[in-house]
2 protein chains.
Amino acid sequence: MGVTRTEIFTEKQNEIAKIAKVIGHPARVAILQYLIKTNSCVCGDLVDEIGLAQPTISQHLKELKNVGVIKGTISGTSVCYCIDTENWNELTSGLLELISFNVADNNSCC
Amino acid sequence: MGVTRTEIFTEKQNEIAKIAKVIGHPARVAILQYLIKTNSCVCGDLVDEIGLAQPTISQHLKELKNVGVIKGTISGTSVCYCIDTENWNELTSGLLELISFNVADNNSCC
DNA sequence: TTTATTTATTGCAATATTACAATTAAATGA
DNA sequence: TCATTTAATTGTAATATTGCAATAAATAAA
């Protein structure tokens with residue numbers, strides 16, 4: 001008990017939940033926004049940009065990387081992170097479909 | 001420690017995270033999909049539809065209601081739930097904007 | 001080699017989430 | 001009124017998440 005019962009849901013439902021979950025923390029939203037805004041790779045300045053300790057940022061980056069939404073390449077002593085544009089569309093498509101449904105088509109009867 | 005430091009993020013970042021977080025569980029994805037699919041109000045059959053116990057479903061419904069994404073009206077001994085179409089667009093706009101950014105505009109340098 | 005620099009990992013404490021049994025609450029029908 | 005139905009609440013156990021100090025690892029520069 002206490003653990004999400006993924007086995008009773010469809011693969012698609014689990015995938016949507018997975019991407020939504022990783023976006024479901026303001027630090028990770030901030031990281032994604034920053035990576036998109038700078039439109040290029042960012043190394044350690046995420047720690048300065050966001051006001052969290054370096055290990056905490058590192059942990060959030062790891063989660064984003066595990067889902068596949070960002071990637072990082074080592075460049076000297078620093079690591080260069082950026083949006084994984086190859087995966088982005090496929091990862092977000094299910095969530096996009098869910099939230100962009102046309103509310104006008106819905107007769108909310110209550 | 002252990003608690004999300006919402007105060008260091010912008011209101012928008014917290015809002016995006018909040019809606020993403022509530023979608024970040026397959027049971028709540030399933031509930032939303034079912035409410036959208038049936039295109040009308042749903043009462044207690046969510047417990048049958050999804051394979052979780054009644055208190056668990058009730059708890060997930062409460063979280064969705066707290067965020068404002070669904071609403072419920074009492075109808076006899078049962079409760080009629082549906083998507084809150086008035087709130088939907090505003091609640092999801094930030095998340096929609098974030099995930100629908102054009103990857104072609106991004107020069108992922110790593 | 002030694003010293004910075006930068007990031008990852010480990011370990012831990014505090015808190016949050018998930019799930020369900022048991023119970024309560026509220027409304028309907030007999 | 002009393003039983004039935006349906007959903008919410010309470011309490012609890014298991015697990016996950018968040019955050020950071022301390023440390024380790026890896027590379028670059030002196």
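Convention: sequence-line order gives letters A, B, ...; per-chain numbering from 1.
Checking the phosphate oxygens (OP1, OP2) of C/dA8, a side-chain nitrogen or oxygen of A/S58 falls inside 4.0 Å. In this model, the phosphate group of C/dT7 is not approached by any side-chain N or O of A/T77 to a distance below 4.0 Å at OP1 or OP2. Of the side-chain N and O atoms in A/Y81, none sit less than 4.0 angstrom from OP1 or OP2 of C/dT6. Applying the 4.0 Å criterion to OP1 and OP2 of C/dT17, one finds that B/K21 has a side-chain N or O inside that range.
DNA chain D is contacted by both A/A27 and A/G76; A/A27 maps to the nucleotide lying nearer its 5′ end (nearest heavy atom per residue). Between A/I74 and A/R28, the residue anchored nearer the 5' end of DNA chain D, judged by the nucleotide with its closest heavy atom, is A/R28. Toward the 5' end of DNA chain C, the nearer of the two residues A/T56 and A/T6, judged by each one's closest nucleotide, is A/T56. The nearest heavy atom of DNA chain C to A/K62 and to B/G24 marks one nucleotide each, and the one closer to the 5' end goes with A/K62.
Using a 30° and 60° split on the angle between ring planes, B/H60 and B/H25 fall in the tilted class, from 30° to 60°.
Under 4.0 Å is where a charged nitrogen must lie from a carboxylate oxygen, and between A/K18 and A/E11 no such pair does. Using a cutoff of 4.0 Å between basic side-chain nitrogens and carboxylate oxygens, B/K12 and B/E97 are scored as salt-bridged.
Side chain B/Q54 to base D/dA8: a donor-acceptor pair is found below 3.5 Å.
Atom CG of B/L52 is separated from atom C1' of D/dA7 by 16 Å (rounded to the nearest Å). Summarising the geometry, the separation between NZ on B/K65 and P on D/dA7 is reported as 12 Å, rounded to the nearest angstrom. Residue B/L64 contributes atom CG, which lies 16 Å from atom P of D/dA7 at whole-angstrom precision. Per the geometry, CD1 belonging to A/I70 stands 14 Å off C1' belonging to C/dA8, to the nearest Å. The distance between atom CD of B/Q59 and atom C1' of C/dC20, rounded to the nearest whole Å, is 10 Å. The distance from atom CD of A/E63 to atom C1' of D/dT17 is 8 Å, rounded to the nearest whole Å. In this structure, A/D48 atom CG and C/dT5 atom C1' are separated by 13 Å, rounded to whole Å. We find that NE2 of B/H60 is positioned 16 Å from C1' of D/dA7, with the value rounded to whole Å.
Between the side chain of A/N14 and the backbone N or O of A/T6 there is at least one donor-acceptor pair closer than 3.5 Å.
Listed nucleotides: D/dT9, C/dT9, D/dG19. Nearest to the side chain of A/P55: C/dT9. Distance from the side chain of A/S78 is smallest for C/dT7 among the nucleotides C/dT7, D/dC20, C/dT15.
Separating the CG atom in A/D105 from the OG1 atom in B/T85 is a distance of 11.0 Å, to the nearest 0.5 Å.
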